Each structure stands twice: as C-alpha cells, then as structure tokens.
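Input: a single structure, listed below in structure tokens.
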Amino acid sequence: MNQQTDILQGLNEQQAEAVLLNEGPFLVLAGAGSGKTRVLTHRIVHLIVEKQADPASILGVTFTNKAAREMKTRLEKLIPPNSSNRLWIGTFHGICNRLLRTEIHRLNLGGLKWTKNFVIFDTTESLSILKETLKVLNLDEKVYTPKAIQSKISALKNQALGPIEFSKKITDNFELKLSEIYDKYQEKLNFNNALDFDDLLLFSLKLFEGDSECRKYYHERFKHILVDEFQDTNQTQYDLLKMLLTHPDNSVQNWQARSFCAVGDIDQSIYSWRGANYRLTLNLQKDFPSTQLIKLEYNYRSVDPILEVANSVISNNKQRIDKKLLGTKGSGEKITCFEASDEVEEANFITAEIKRLKSKNQNLNEIAVLYRTNAQSRAIEEALIKGQIAYKLVGGVRFYDRLEIKDIVSYLRLIFNSKDSNALKRVINSPRRGIGPSTIAQVEEKAETMGSSLYSALADLLDEGGLGPRVIASIHSFVEVIDYLIKQSDIVPVPDLVRLVLEKTGYLIALQDSDKEEAEGRLENIYELLNVAQQFHEESEDKTLGAFLAQIALASDLDNLKDSDSEAVTLLTIHSSKGLEYPFVFLTGLEEGIFPNSRALGDSPNSTDDLEEERRLLYVAITRAEKKLFLTYARNRRLWGKKEYSEPSRFLKEMPETHLTGFWGSSVKSPSGKGLPPVKNSSESSFYSKREAEAKENKKNAAPQEPKFKVGDRVQHKSFGLGRVLSLFGSKNQKFYSIEFDGADGKKLLSGDSLHLVES
DNA sequence: CGGGCGGCTCTTTTT
DNA sequence: GAGCCGCCCG
C-alpha cells in the first residue's frame, strides 16, 4: 500500500478533498462530529510526507491549548521523528506570544516600547491596573464601572483598534473619555512591561502592519496555514491572518495561490461576546472570490434522534448557511426529558440516572453534565457528593487563581520582569514583612518622581530617611532575596527556581508554621505547582522562565482535562464543551432566563442575534452526545440566593416530539401532541404562569407528601399500561417515579398522580 | 499594621 | 450567597 492511500484511508470523499487541495484558500464547512480534526491532522501529514513541506513552514491554529496538544501528539506518530517540534501549532494567543517573545522589540506603539521579558496580565490583574488608571484620571467608578470599561477596551482590541485608531473614530463624549482611559491604561501596562490577553493579538497585528520586513519574513515562512474553529475568529485575528497570507508588496493578489485551509461551522459560533464574528466566515468568499468551499455533512458521532433534534433546533436560525447533519450511526434511544420541581430534584435525577448507567457498567468518564452558567454546577455537585459519584469540575476557580499559587507565580514574575508592579505589590508583604499600604504608597510616589519601576524605587528609598528602621530592614532583606533570585533565574532550571523561591522568601516556612486550617491544602497546591514546573521542564521545548509564565497565563482549566485520569463524571459549561464528545450527556437547566439566558432576551437591538447565539449554543450542547441525551429543567430555581419560578425553555418546543420521551411538561403538552404550546411572551399570563400559581397555592397548603409507591411496586398508567417502579425522586411536596413499562422501550418518569398501585 | 466585620453588588459564557 | 470594599478596633 502506498502512502497516499494510507493517508486517505478511512476518509470520505469530501474529507479527502480537503486533505489534498494544495493551492488557494479554501473553507471547510464542517458540521459537528464530521471529522474535521481528522482532516486537519491528515492534511498536515500529507503536506509533510507527500509534499515534502518543511514542518517549520506550517502554521496550525486551534481553539484551545488542549486541542493543540492533542494534535501535536497525533502528528508525532505520523510524521518523521523530530519534525513535530518545528511545527507552529497553538491557539492564536499562544502563537502570538511565541511571535512577540522574539519580535516585540521591533514594535513601537505611539512611542511605547516593550521588551521580550514582558508578562501577560490576566483579567483580574488588568482590572486592577484599570482601576488605578481610573483613579489617576479622577473618574468616578460608579459612572465608569471598571468591568464595563474593561470589556469596552477588550472589544476595541478585538476589532483591531489600538488607542490611536480609536481616537480617530470618537463620536461622543463618552468615547472621548474612553479613549483617554484607553491611552492611560496602555501606558500603565507599558510601565509594567505587561500585555493583556487581547494585546497579544493586537500587538502582533501592529507588528506586521508597522514592519514590512518582519511581515515578509513570516509571510514567506508560513507557506501553509490551517485554522480550526474559524467561525470564532475575531477581526484582529482575521486581519492578522491576512497579514501572513498576503505579501507586503503585492497585497491581495498572491493570497489566491496560498495554501490556506479554514475549517469552521457557523452553527457553532458561540463566542461573539469575546469579539468573534462568524460573518467573517460568511464573507471569506466575498473577500477572496477564489475561495473554494467544501461541506462535511456526514456525522460520525451521534445516533439519529440526537442529530434530528439538533438539525431541527438549528433550522430556526435565520443567519446561517443551510446544511444538515447526516447520520451514520443509525437509530438509537430517544432523548429523555425530565421536569424537576427545583434544582435539587434536577440534581437528584441526574445522580440517580448516573448511578443507573454505572450499574450497567458504563464508565463514568463517558458521562458529561452540561450547563449554561457555572453557578449551576453547585446543586449538581452536592447531589453527586451525596450519591458518592466521583466528578471532575471544569472551570470555576482555576488552579492558577488560587491565592498561594498566585503568590508564588507573582514572585516568579517579579524575578522575570522586575517592572511588574502588580506582582511586587502582591508579594512584598507575603509572607508578612511589616510592609503595609502606607509604605507602598511611599514607594509608588518615589517611583513616580523617579520615573522608575516600583522595584528600583525600593532601593532608592533605602538611601533616604523618612522610614522607620524596622521597615528599612525589611525592605533591605526583601531586595536582597529578590536580587539573589534574579541572578539564580539565569542559571538554574525552572523547578529549582520555584524551590528557591519557596525557601528564600520564607513563604514555605510561614505556611508550614501557620496553624490555619487551610494551610495544609495550600501546601498541597504548592507541591502540585512544583509538579507542574517539573513536568514543564521535562516536556516543554522552550524551558525558560518566560515560557513557563506564559504557559501559566494562557492555561485554562480545560487543558488539564484528561480522560485517562481517574474514573469520574465531567461537569462543565456548554462553552467549555465545544470540541468534546461523550456517549452520555445531561443537558441541564433548560429554562427561560437560564437557557436562553435572560441577557439574550432583552429588548436590545441585538436580541435577535443574541437569541440565535443561544440557539447555536444549544446546538453545540446537543451534538456533544454520542449515544444518549438527557434534557432537564426545574420549575423553581434558587438564583442569587432567592427562589425564582421559571418556565421551560422555548427551545424545548423546537424539538420534534417523536424523538423525546420521559416526563416533561406534564400537563403542558398541547392537545395536538406537538410538544409544548408556544411561549408567546414570557410576561404574558400563560399556561405556565397559571400552573405556577397553582403550584404556589398547592405548596402553601401541602403537607409533606409521602411516597405513594416504593421501588419494585407494580403500577398501572392509563395509557402506558402495567409497569414496575425503578426508582423515586422528589422534594418534600412532589414525588416522581421512574417506571419501566412492560413491552415499552426505556423507562418513563411520571408523577404519582397518574399512577395506580397494582401490587406491592 | 492587621484582622474582623458589615454592607454592597452581582453572574453568561473564556483565551 | 459570595466576593469585594471600606471602616473600625486591638
């Protein structure tokens, strides 16, 4: 067998075409589960093995670090040894970081320069310097809320607008102020020799715009560019790609001959709030008329009912290119719906179903629970803990956001880039050295007058009077330790440096001596950080401190998700689940206000767009499931600590009822049997609100309900016939039973009202 | 200087 | 219900 057929083995016609096309830009519209990752991997293998492409000439952009790592691992097995480390594969942010680490000195942004030992500020850190900025500008935080300003600036950066470009587009007073803040904020970042997330992209673009030599070098180098999840590209990323694809001397023309492969699915565009713009995908052919189009419509992941429901839901969107997922897995179980009285019952149902799956020898790693917002995980976690089901939670508090880890990392950052005043302020009194806010204020003042960094202002302050002898001694020994560590950082590998930090700063001793309850957990986390450092040193290509810090800054919780780990159910938001697949999926909280989220239901001019994005999100969620999907919602939910009534999601009625089963919308099924009646207007008095009023009334009067049946009882239902009780759920006032009916496939979930006991 | 307490706002999603 | 901020007291 020759290599050509080998590479194409197992690919369908369209997939093979996408692998083999070698000239001109082309767009692969790849539906969920259509094997696009395979296409990308095989294409790279084809380029290297068949076309003798230099691995260093290939640039692959993925959406997550995890996807990048997986792709690299797969490639290592398929291409010649030692060639994989010459490929550039990563997220836009990761790639831009790599680029700027070597080229940032060429960049000049309105007189501001950065050096290659820049640090990356995460959202929290950039918020804190933004607050400083507002203070300096004497702006009221009540009027200019830092969070809102932060997202405005982020939006600008994602539209390729730097402070200078934006200042030319100002139309009103608010924008004028915003522009001032933006300027000052960038100055602050510069003072720290720091970039925020969005700057990684924007600065890379500005670099190419301002330095055609540099642009030419990378244009000529990256002969083959592949971009995954193209629908979630923002303007800045798009412009950046254009920079690489076109030659500085002859603009658009030679784009047409470039090997450029964009893979995406407009129906899975779910990051518009981060500046992503799926219209860029729609416009690709308009921008570049020679762009060829390949559609991948065969789905190799899910059974038919799941695909039917997904197709049906997404067809309600107006803004899309028509396509359907075509099944290859055949028929399968219907989708089970469950209406819970509240979030506790919902969680109990999920736990019980998971137990059942486990009893049928399903591995817990095959199960995922999805939700719209992170806050929803809480109730589910509690139920799983009670039910003794192991779970892994993605999101929530990131490992690197923990206090002790941030402390140690801040030390490392200060060592790497002594201009990082955020890091300095964080560590200077941790462990306690008696250097408090008033001293820091003096340091800041000193730095201001000297025009220097906080760290060098420390040394200047020592020479002056005005500080007590105790503080002087503290600062003196602090500076001594940091200076020593800075010297060591050039000599010793990262894991050793981390150990030195723990030891020389007194951090470890202070923690060990602490009799606080949480100290033990913190120590464990610190040991885990040491493990991370060790692993980094063994596996990373670039073993420098800078690379370590960048890895930490760009790491997401998702990156640590390994299926091979211990056996556990995965809990994650729908956003985080993009690109993943699980045999069994629970999609929870299908309620108006939760999903679709209330933010998407407002009367803003964008609300139609927002609702369509919610629908795409639902489409993503549904298509994660391979074998079996569960949909749940709760009639009451604790929100901001308050109980709220909610109506079932409007999306439920967009699903063909023939593919659904279970107990859902109990009395809300319309007489026609066509699923839920239309939710016209959530504020309108409707069927739902009447039912809510009833429920409220019942609740008031109801004594705690005793279960009518127990597990194993024979029961009768007027339309389903005879069955047996498998399990029971419910709150104090409401009980539900899972019933297996004789001769029927699957089980039904019903309330006691419609059942009669036949035999105990 | 540091810890503790009370009041305030807020949650959509993440590189 | 939680995290953040500011205020007060030891």
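Each chain gets a letter, A, B and so on, in the order the sequences are listed, and its residues count up from 1. On a predicted model such as this, the values are computed, not experimentally measured, just so you know.
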Quick note, salt bridge (Lys or Arg N to Asp or Glu O under 4.0 Å) partners involving residues 429-445 of chain A, not counting sequence neighbours, are A:Lys425-A:Glu444
Once the angle between the rings of A:Phe203 and A:Trp114 is folded into 0 to 90°, is it parallel (under 30°), tilted (30 to 60°) or perpendicular (over 60°)?
perpendicular
Mind checking if [X] touches a base, just sugar-phosphate, or nothing, with heavy atoms under 4.0 Å?
X: A:Arg638; answer: nothing
X: A:Arg433; answer: nothing
X: A:Thr439; answer: sugar-phosphate

Taking A:Glu346 first and then A:Arg637, would you say they form a salt bridge - that is, a charged N and a carboxylate O separated by under 4.0 Å?
yes
Other residues, nucleotides, ligands: >12 heavy atoms within 6.0 Å of A:Lys152 NZ
no
Looking at A:Asn429, I'd like to know whether one of its side-chain N or O atoms comes within less than 4.0 Å of OP1 or OP2 on B:dG2.
yes
Please list, pair by pair, any protein nitrogen or oxygen found under 3.5 Å from a nitrogen or oxygen in nucleotides 3-7 of chain C.
| residue | atom | partner | partner atom | Å |
| --- | --- | --- | --- | --- |
| C:dC5 | OP1 | A:Lys131 | NZ | 2.8 |

Does [X] have any side chain to side chain contact (heavy atoms under 4.5 Å, CB included) partners at least two apart in sequence or in another chain, and if so, which?
X: A:Pro146; result: A:Leu127, A:Lys131, A:Leu134, A:Glu141
X: A:Ala555; result: A:Arg398, A:Tyr400, A:Asp559
X: A:Asn117; result: A:Thr115, A:Asn193, A:Phe416, A:Asn417

Between C:dC4 and B:dT13, how far apart are the C1' atoms? Round to whole Å, please.
22 Å
Please report the distance, rounded to the nearest Å, between CD in A:Gln442 and C1' in B:dC1.
14 Å
Ring center gap for A:Phe63 and A:Tyr271 short of 6.0 angstrom:
yes
Got a list of protein N/O to nucleotides 12-15 of chain B N/O distances below 3.5 Å?
| residue | atom | partner | partner atom | Å |
| --- | --- | --- | --- | --- |
| B:dT12 | OP1 | A:Arg599 | NE | 3.3 |
| B:dT12 | OP1 | A:Arg599 | NH2 | 2.5 |
| B:dT12 | OP2 | A:Arg599 | NH1 | 3.1 |
| B:dT12 | OP2 | A:Arg599 | NH2 | 3.0 |
| B:dT12 | O2 | A:Arg372 | NH1 | 2.8 |
| B:dT12 | O2 | A:Arg372 | NH2 | 2.0 |
| B:dT13 | OP1 | A:Asn374 | N | 3.0 |
| B:dT13 | OP1 | A:Asn374 | ND2 | 3.3 |
| B:dT13 | O2 | A:Trp273 | NE1 | 3.0 |
| B:dT13 | O2 | A:Arg372 | NH2 | 2.8 |
| B:dT13 | O2 | A:His575 | NE2 | 3.4 |
| B:dT14 | OP1 | A:Thr573 | OG1 | 3.0 |
| B:dT14 | OP1 | A:Ser576 | OG | 3.0 |
| B:dT14 | OP2 | A:Asn374 | ND2 | 3.4 |
| B:dT15 | OP1 | A:Ser556 | OG | 3.1 |
| B:dT15 | O4' | A:Arg274 | NH1 | 3.4 |
| B:dT15 | O2 | A:His93 | NE2 | 3.1 |

